[in-house]
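So the structure is just underneath, and the comments pick up after that.
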Amino acid sequence: MAAAKENYRVELRAAARQLGDRCLYSAAKWAAELLVGIEPDATPSQSAAMDTPSSSGAAPGGRLLHLHRSGGSSFRRRMRPGGGAGSEAGTPLGGVSYVSTPIPDDDAFDAGADKYLLAKTYFDCREYRRAAHVLRSQVGRKAVFLRCYALYMAGEKRKEEETIELEGSLGKSNVVNQELVALERELSTHRRTGAIDSFGLYLYGIVLRDKGCEGLSRTVLVESVNSYPWNWCAWLEIQSLCTSSDILNNLNLKNHWMKDFFIASAHLELKMHEEALKRYERLMGVFRCSDYIQAQIATVQYSMRDLDEADMIFEELLRTDPFRVDSMDIYSNLLYAKESLTALSFLAHRVFLTDKYRPESCCIIANYYSLKGQHEKSVLYFQRALKLNRKYLSAWTLMGHEFVELKNTPAAIDAYRRAVDINPRDYRAWYGLGQIYEMMGMPFYALYYFRKSSHLQPNDARLWIAMAQCYESDPLQMIEEAIKCYERAANTNDTEGIALHQLAKLHSMLGQAEEAAFYYKKDLDRMEVEERQGQNFVEALLFLAKHCKSMGRFEEAEHYCTRLLDYTGPEKETAKSILQGLKRAQSGFPPMDIDHFAL
């Protein structure tokens, strides 16, 4: 284990330097953060020995099972059995054997080194065409990549300017990057002749993606990560092109340890939450101090509606890194769902002071105003986030929700459609479109969008309930279909109990007394466990009392009627009448007709 950790450190140090040298700063940041996230050696002498490999002090592979609030800043972890220090050095994660990928050397072209440095300086100053011009006569792979990358960024910059000129800062335009054709021609030639490195392949894959050649783009990006697996940006591009688990499983990827991070992230994107959680917990065996993995685990927990567990992890992340903005927009969504106004206010104030012009910061502040009911201000901050990043998916979707609150239907539809254009797998946007069309009295359109959302997120009871209510509406009255949807919701963790109550009512309406009694009893048991009482509780008791009486189960009927006597209103009088009828029946007298007492 210790030897494997040392290998990870060496690879990540080199990757962080090389990625930064090629202006891939996001990937360089990810590699550096992961490097710091590797757990130090167990003994003081080891940690002071400049990462010297150890054969006896490796910590066992483990999983993060429970996080707790405390005065300290450390996690309490329970170790996975059988994952002790006896594991082979080369197989730290679940006994998997990884391929060895050599770290490539940079081009040694002394004559062009000064020009490369000048070009990189221009690139960092966003003078992309000057950077490309400086390297126009350089033929080294490193220089060719930076020149082509600078041209690509120059085209993107011009595309953004033209879009704003034509449609405004948030307008939708068909403007394209004018450099794509020339870049595709040059990079495809380099690929055919073998005069291209993994970074050039990465850029070629992006160009192909922008031109709509998704299949070839995936192939080229896979070549890139197989050649240089430490470029996280390339892995994320592949992930964006994996729209189904079949595509993901058919990728021809080498078994490098970076593949584990990619598969876990792809599973999270594809809503395969259980699989993602298992992989991230296994990765924690080596990268125990990684804030990235902990944030991903919190995101998985949030997606699985385990809000309290996710809340504790995010709180711990903020303790260890109080100036963190990454993933905090997800934390703000969690606090919004829990209606934790004080915590959300504190988070919004913190990110505002840290970096108020980050898209994530604007989104967090927008969530804060939304929770306060100030929807106009919320929209303003979502628009500000989108001016900073037009492809910020969550901002489009959440802004659509705000427009719904403001009764601005056309703007809401536009926001949701922009969201699904960016990511067709965003179930929240499809669900929002379904709600809009249902409000507009167009149930068939609403059903189409509800089906799309439930297909993408089949384990979310809210989506099935929305579809059932649409089937149940007056224009459709498709009761059997509504029952099927409510059954799916009841089997997918319907925490509010809406599905059980509706199933009971619909079966009762269809005259299916046994089925109705079954669901009323389940709903009653749920409310008793949760110590909830209300009109649904009374309704369940009343139906079960009548049903048991009609079936001759007088003791059960008497039990439900006795409980109804604790309530005021017409239900209490109905219960008294039923009890009188039960006494008459038990004494041999014919029971009285009590239908006129029913609600």
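- Salt bridge present: Glu481 and Lys484 bring a charged side-chain N and a carboxylate O closer than 4.0 Å.
- Just one residue in the list Glu156, Glu179, Lys159 forms a side-chain contact (heavy atoms from CB on, under 4.5 Å) with Asp210, and that residue is Glu156.
- Rounding to the nearest 0.5 angstrom, the gap separating the OG1 atom in Thr492 from the CH2 atom in Trp464 is 8.0 Å.
- A salt bridge links Arg358 with Asp326; the closest basic N to acidic carboxylate O contact falls under 4.0 Å.
- Salt-bridge check for Lys278 with Glu274: failed, with every basic side-chain N at 4.0 Å or more from each acidic carboxylate O.
- Taking NZ from Lys407 and CD from Glu405, the interatomic distance works out to 6.5 Å, rounded to the nearest 0.5 Å.
- Ring geometry for Trp430 against Tyr449 counts as parallel: the plane angle stays under 30°, on a 0 to 90° scale with 60° as the upper cut.
- Of the residues His501, Lys505, Gln469, the one that meets the side-chain contact (heavy atoms from CB on, under 4.5 Å) test with Tyr486 is Gln469.
- A donor-acceptor pair under 3.5 Å links the side-chain atoms of Thr320 to the main chain of Glu316, judged by distance alone.
- Gln294 contributes a side-chain N or O that, together with a main-chain N or O of Arg288, makes up a donor-acceptor pair within less than 3.5 Å.
- Under the 30°/60° scheme for interplanar angles, the aromatic rings of Tyr149 and Tyr152 are found to lie parallel.
- Side-chain atoms of Ser303 come within 3.5 Å of backbone N or O of Thr299 as a donor-acceptor pair.
- No more than 12 heavy atoms of other residues, nucleotides or ligands shown are found within 6.0 angstrom of NZ on Lys391.
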Working for side-chain contact (heavy atoms from CB on, under 4.5 Å), residues Val300 and His267 | CA-CA 10 Å; Val300 175; His267 281 164; over 6 Å; no
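- For the pair Glu165 and Arg158, the salt-bridge criterion is met [side-chain N within less than 4.0 Å of a carboxylate O].
- Between atom CD1 of residue Ile206 and atom CG of residue Asn177 there is a gap of 11.0 Å, rounded to the nearest 0.5 Å.
- Without hydrogens or angle criteria, Glu472 side chain to Met478 main chain gives no donor-acceptor distance under 3.5 Å.
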side-chain contact (heavy atoms from CB on, under 4.5 Å) between Leu34 and Ser290, worked out | CA-CA 6 Å; Leu34 205 62; Ser290 170; 3.8 Å; yes
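- Ring geometry, Phe287 versus Phe261: the interplanar angle exceeds 60°, so the pair is classed perpendicular (tilted spans 30 to 60°).
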Contacts table for residues 241-252: side-chain donor-acceptor under 3.5 angstrom, sequence neighbours left out:
residue, atom, partner, partner atom, Å
Ser244, OG, Ile247, N, 3.4
Asn249, ND2, Ser245, O, 3.0
Asn250, ND2, Asp246, O, 3.0

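- Between the OG1 atom of Thr397 and the CZ atom of Phe382 there is a distance of 9.5 Å, given to the nearest 0.5 Å.
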Tyr471 and Glu480: side chain to side chain donor-acceptor pair (under 3.5 Å), yes or no, with the steps?
-> CA-CA 9 Å; Tyr471 278 123; Glu480 293 293 339; over 6 Å; no
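- Proximity of the aromatic rings of His401 and Tyr416 is defined here by a centroid distance below 6.0 angstrom, and this criterion is met.
- Using a 4.0 Å cut-off between charged nitrogen and carboxylate oxygen, Asp523 and Arg526 count as a salt-bridge pair.
- With sequence neighbours left out, the side-chain hydrogen bond (donor to acceptor under 3.5 Å, both in side chains) criterion links Asp414 to no other residue.
- Here the side chain of Ser370 pairs no donor or acceptor atom with the backbone of His375 at under 3.5 angstrom.
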Run the numbers on Ser361 and Val325 for side-chain contact (heavy atoms from CB on, under 4.5 Å), then give the verdict.
-> CA-CA 7 Å; Ser361 300; Val325 179; 3.8 Å; yes
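- Arg279 contributes atom CZ, which lies 5.5 Å from atom CZ of Arg282 (distance to the nearest 0.5 angstrom).
- In this structure, Asp426 contributes its side chain and Ala419 its backbone to no donor-acceptor pair below 3.5 Å.
- To the nearest 0.5 angstrom, Leu270 atom CG is 7.5 Å from Gln239 atom CD.
- Using a 4.0 Å cut-off between a side-chain N of Lys or Arg and a carboxylate O of Asp or Glu, Lys338 and Asp308 qualify as a salt bridge.
- Considering every non-hydrogen atom in both Leu456 and Lys271, the closest pair reads O-CG, 3.5 Å.
- Heavy atoms of other residues, nucleotides or ligands lying less than 6.0 angstrom from CD of Glu339 number 12 at most.
- Ring planes of Tyr280 and Tyr292: perpendicular class, angle over 60° (limits at 30 and 60°).
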Worked verdict on Lys29 versus Trp232 for side-chain contact (heavy atoms from CB on, under 4.5 Å) | CA-CA 10 Å; Lys29 169 187 166 184; Trp232 184 240; over 6 Å; no
Report, one line per pair, each donor and acceptor closer than 3.5 Å where one atom sits in a side chain of residues 432-441; sequence neighbours left out.
residue, atom, partner, partner atom, Å
Gln435, NE2, Tyr431, OH, 3.2
Tyr437, OH, Arg417, NH2, 3.1

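- For the pair Met328 and Leu347, the tightest heavy-atom approach, listed with the atom from each and the gap, is O-CD2, 3.8 Å.
- The environment of Phe537 atom CZ is dense: over 12 non-hydrogen atoms of other residues, nucleotides or ligands sit within 6.0 angstrom.
- Residues Val220 and Leu201 approach most closely at CG1-O, 3.2 Å, considering heavy atoms.
- Using a distance-only test at 3.5 Å, with no hydrogens or angles considered, no donor-acceptor pair links the side chain of Trp30 to the main chain of Cys233.
- Heavy-atom contacts from other residues, nucleotides or ligands closer than 6.0 Å to CD of Glu496 number 12 or fewer.
- For the pair Ser265 (side chain) and Phe262 (backbone), a donor-acceptor distance under 3.5 Å is absent.
- Within 6.0 Å of CZ on Phe346 lie no more than 12 heavy atoms contributed by other residues, nucleotides or ligands.
- The 12-atom threshold is not exceeded at CZ of Phe352, counting heavy atoms of other residues, nucleotides or ligands nearer than 6.0 Å.
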